[in-house]
Asks: 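The following block contains the structure, expressed as structure tokens.
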Amino acid sequence: MAGGEMWTQIGSSLAGLMFIWAMFKQYFPFEIEGHLHKYTQKLVSLIYPYIHITFHEFTTEGFYERSKAYTAIERYLSTNTSTRAKRLKADMVRDSKSLVLSMDDYEEIVDEFKGIKVWWASSKNIPRSQVISFYGDEEKRFYMLKFHRRHREIVNRFYLNHVMDEGKAIEVKTRKRKLYTNNRSEQWVGRYQRTTWSHVVFEHPATFDTLAMEETKKKQIVNDLITFTKSKDYYKKIGKAWKRGYLLFGPPGTGKSTMIAAMANLLEYDVYDLELTAVKDNTELRTLLIDTSNKSIIVIEDIDCSLDLTGQRKKKEEKDGEGDGKDPVSKKKNEDDEKSKESSKVTLSGLLNFIDGLWSACGGERIIVFTTNYVEKLDPALIRRGRMDKHIELSYCCFEAFKVLARNYLDLESHDLFETIGKLLEETKLSPADVAENLMPKSNDEDADACLANLIDAIEKAKEEAKVEEEEKERVKAEEEKKAKADKEEKDKEEEHKSDEAVEEKKTAGEEVRENGG
Ligand SMILES: Nc1ncnc2c1ncn2[C@@H]1O[C@H](COP(=O)(O)OP(=O)(O)OP(=O)(O)O)[C@@H](O)[C@H]1O
Ligand SMILES: [Mg+2]
């Protein structure tokens, strides 16, 4: 038989077989077909003992959102593949600091875990239809995991969790961190579009190394923060939500905001800067809280100014006392304050709920930081331990803090003038911000000596000013005391006079009675 003839015959017999199979299938009992399928599967699994799991890039129809599992696998494999796979694909992924390397399509790599071997392959489905998609690329990518069926238990229970955890950790490490701020609720457009917060890339350069404060205190804070991040299981064990509150207090320019940036850089967390005066009420506050992500620091700056958090009772008392409006400046300020309070109805109890109510436990790994210049003004309920677990006082610049600043600003470890400056700083209150400003060279020809001399001048000037202020205070105090004394004397005199009059009246009344009686 000639070759061509043979192929024609095979073709026509195949077509015949297909036709018979189709006919047969139509009359074939449903149950028997099921059995047939089962046994074929069993037969295949006897010869082929591997299990496959696929992870698609896009899973949900409609919402075109990348699958979290796919992203985590991609990051996990990116660390493994870049050393083992031969063909790699580099991509600038959204929110990532640098290029992400992943294995190219149809590459396969072997991974080992607890002594077992698994295979990862990347692949894609190419669409058959030539439809132009609204989303552009219609190829459907997926990762396929292959492992022996006797390892099913280990893969299901441990390996997949391991991949997810590692992948997420790599993602957090390589992401660009963000600084969020809350929008006014008029700008919120539905809940899906995440318009409650807007963000920019967080790029503050402050670190604990550049932060000027006593070394021991700094170490304590760093240890506290690191212990917190590693305590997921501990918090679970003691039945507490995984969050921690910090209260930073101290005079202006002592490094409260700088410390928050250093915290975020140390832990690689996002920062949510919550502007309370833009929040209308407690419900909005809760919505904002729910919309924050894990691994973040929620900051409320100048908590004493943001709201009247001292409660209704005190507010009323203040109104009674201050309402005379003698000073037009303070009157205007009061009016402004009232206006901002009116527009924001966040209450103390709402804020307490935000910090440690039931809702605060959704998600985890969050740090809440309050800053204030006047810690004594705050309601004790707000800053009790458990809400604000750690109170950190940032104070005026001490010698140790100065040395950090000198190292940062002038690259100086020691200098003849250090001793003088140390002594001066002990006697004067100068914030690290002021010290830093004086240490910064103002022109190219200003060297370290000149900067230190500037600082000494500034400290001496501050000392002089403080002295004048102290004297003025003393004078006012003495005057007030003198006035109080004079007032008291006058009052005493008046009372004496009144009691004299009363005695006189009594006398007259007695005489009248006697006269009438007689
Ligand atoms: N402890 C510090 N270490 C290093 N730099 C500091 C420190 N304190 C202040 N500075 C410098 O002073 C500037 C102002 O500091 P920062 O904004 O942190 O002060 P603050 O305590 O938040 O003040 P405020 O109470 O007014 O908000 C910063 O830009 C920083 O350069
Ligand atoms: Mg600040």
Side-chain angles (χ1 to χ4, degrees), residues 179-182 200 202-222 224-225 245-267 269 271-278 297-307 309 333 367-378 382-383 388 390-413 418 421-422 425-426 428-442 448 451-452 454-455 458-459 462:
L179 170 63
Y180 292 86
T181 181
N182 53 313
V200 291
F202 179 74
E203 286 176 323
H204 201 296
T207 62
F208 274 97
D209 285 337
T210 61
L211 192 72
M213 70 189 297
E214 295 108 56
E215 209 51 44
T216 43
K217 208 168 157 188
K218 205 192 300 193
K219 269 200 186 124
Q220 228 180 27
I221 298 167
V222 171
D224 191 89
L225 286 166
Y246 286 81
L247 173 73
L248 309 184
F249 64 97
T254 48
K256 296 179 290 298
S257 308
T258 313
M259 181 179 269
I260 296 171
M263 282 176 167
N265 285 333
L266 174 76
L267 304 176
Y269 280 11
V271 179
Y272 287 86
D273 188 5
L274 179 63
E275 178 54 57
L276 266 191
T277 44
I297 302 183
I298 303 173
V299 183
I300 305 182
E301 288 252 35
D302 299 320
I303 182 88
D304 53 297
C305 309
S306 300
L307 286 171
L309 291 171
K333 191 177 168 290
I367 289 179
I368 299 176
V369 185
F370 286 174
T371 74
T372 179
N373 293 140
Y374 309 98
V375 68
E376 64 286 347
K377 269 201 201 169
L378 300 180
L382 187 65
I383 57 171
M388 292 293 115
K390 202 163 166 58
H391 296 189
I392 301 169
E393 180 174 9
L394 287 132
S395 190
Y396 292 109
C397 194
C398 61
F399 184 52
E400 239 180 287
F402 158 74
K403 280 201 287 191
V404 177
L405 291 174
R407 198 171 55 223
N408 290 347
Y409 284 72
L410 302 171
D411 291 324
L412 276 183
E413 288 296 337
F418 272 20
I421 293 173
L425 282 175
E426 264 173 37
T428 331
K429 287 175 177 170
L430 207 66
S431 70
D434 287 333
V435 173
E437 173 56 27
N438 283 295
L439 285 182
M440 198 142 66
K442 307 287 178 310
C451 292
L452 291 178
N454 281 348
L455 177 63
I459 305 177

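As a basis for the values below, the full set of heavy atoms in this structure was taken, side chains included, without hydrogen atoms, waters or symmetry mates. Bear in mind that the values here come from a model prediction, so they are computed numbers and not experimental data. In each ligand, atom 1 is the first atom listed, and ligand 1 is the first ligand listed.
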Asks: Just to confirm my output: which protein heavy-atom neighbour is closest to atom 13 (C) of ligand 1, and how far is it?
Replies: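 Ranking protein heavy atoms by distance from atom 13 (C) of ligand 1, first comes Ala433 CB, 4.0 Å.
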
Asks: Check whether any N or O atom of Glu301, backbone or side chain, sits under 3.5 Å from an N or O atom of ligand 1, and answer yes or no.
Replies: no

Asks: Which protein non-hydrogen atom lies closest to atom 5 (N) of ligand 1, naming both residue and atom, and how far is it?
Replies: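 The protein heavy atom lying closest is Leu405 CD2, 4.1 Å.
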
Asks: Quick check on the 6.0 Å ring-centre criterion: do Phe249 and Phe370 meet it?
Replies: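 Centroid separation for Phe249 and Phe370: 6.0 Å or greater.
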
Asks: Nearest protein heavy-atom contact for atom 16 (P) of ligand 1: which residue, which atom, what distance?
Replies: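 Checking every protein heavy atom, the shortest distance to atom 16 (P) of ligand 1 gives Thr258 OG1, 3.6 Å.
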
Asks: Measure from atom 9 (C) of ligand 1 to every heavy atom in Pro251, Gly253, Ser431 and give the option owning the shortest one.
Replies: Gly253

Asks: What I want to check is whether the side chains of Glu275 and Thr181 have a donor and an acceptor closer together than 3.5 Å.
Replies: no

Asks: Would Gly250 count as a polar contact of ligand 1, with the cut-off being nitrogen or oxygen pairs under 3.5 Å?
Replies: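 There is no such contact.
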
Asks: Looking at atom 25 (O) of ligand 1, what's its closest protein heavy atom, distance included?
Replies: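 In this structure, atom 25 (O) of ligand 1 has Lys256 NZ, 2.8 Å as its nearest protein heavy atom.
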
Asks: Determine if the distance from atom 29 (O) of ligand 1 to the closest protein heavy atom is below 4.0 Å.
Replies: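 Within 4.0 Å: no protein heavy atom nearby.
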
Asks: Report the nearest protein non-hydrogen atom to atom 27 (O) of ligand 1: residue, atom name, distance rounded to 0.1 Å.
Replies: Ser257 OG, 4.0 Å

Asks: May I ask you to identify, for Tyr409, whether its side chain, its backbone, both or neither come under 4.0 Å of ligand 1 on a heavy-atom basis?
Replies: side chain

Asks: Is Phe249 in contact with ligand 1, taking contact as a heavy-atom separation below 4.0 Å?
Replies: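 Heavy atoms of Phe249 never come under 4.0 Å of ligand 1.
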
Asks: Distance alone, cut at 3.5 Å: any donor-acceptor contact between the side chains of Asp224 and Tyr246?
Replies: yes

Asks: Quick one: does Ala436 get within less than 4.0 Å of ligand 1, heavy atoms only?
Replies: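 No.
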
Asks: Any atoms of ligand 1 less than 4.0 Å from a non-hydrogen atom of Asn373? List them with their elements.
Replies: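 Here the atoms of ligand 1 in question are 25 (O).
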
Asks: For the residue pair Asp304 and Thr372, confirm or rule out a side-chain donor-acceptor distance under 3.5 Å.
Replies: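 Indeed, the side chains of Asp304 and Thr372 share at least one donor-acceptor pair under 3.5 Å.
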
Asks: Using a 3.5 Å cut-off on N or O atoms only, is Asp302 in polar contact with ligand 1?
Replies: no

Asks: Would Leu394 count as a contact of ligand 1 if the rule is a heavy atom under 4.0 Å away?
Replies: no

Asks: Within the structure, does Ala212 bring an N/O atom to less than 3.5 angstrom of an N/O atom in ligand 1?
Replies: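 There is such a contact, yes.
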
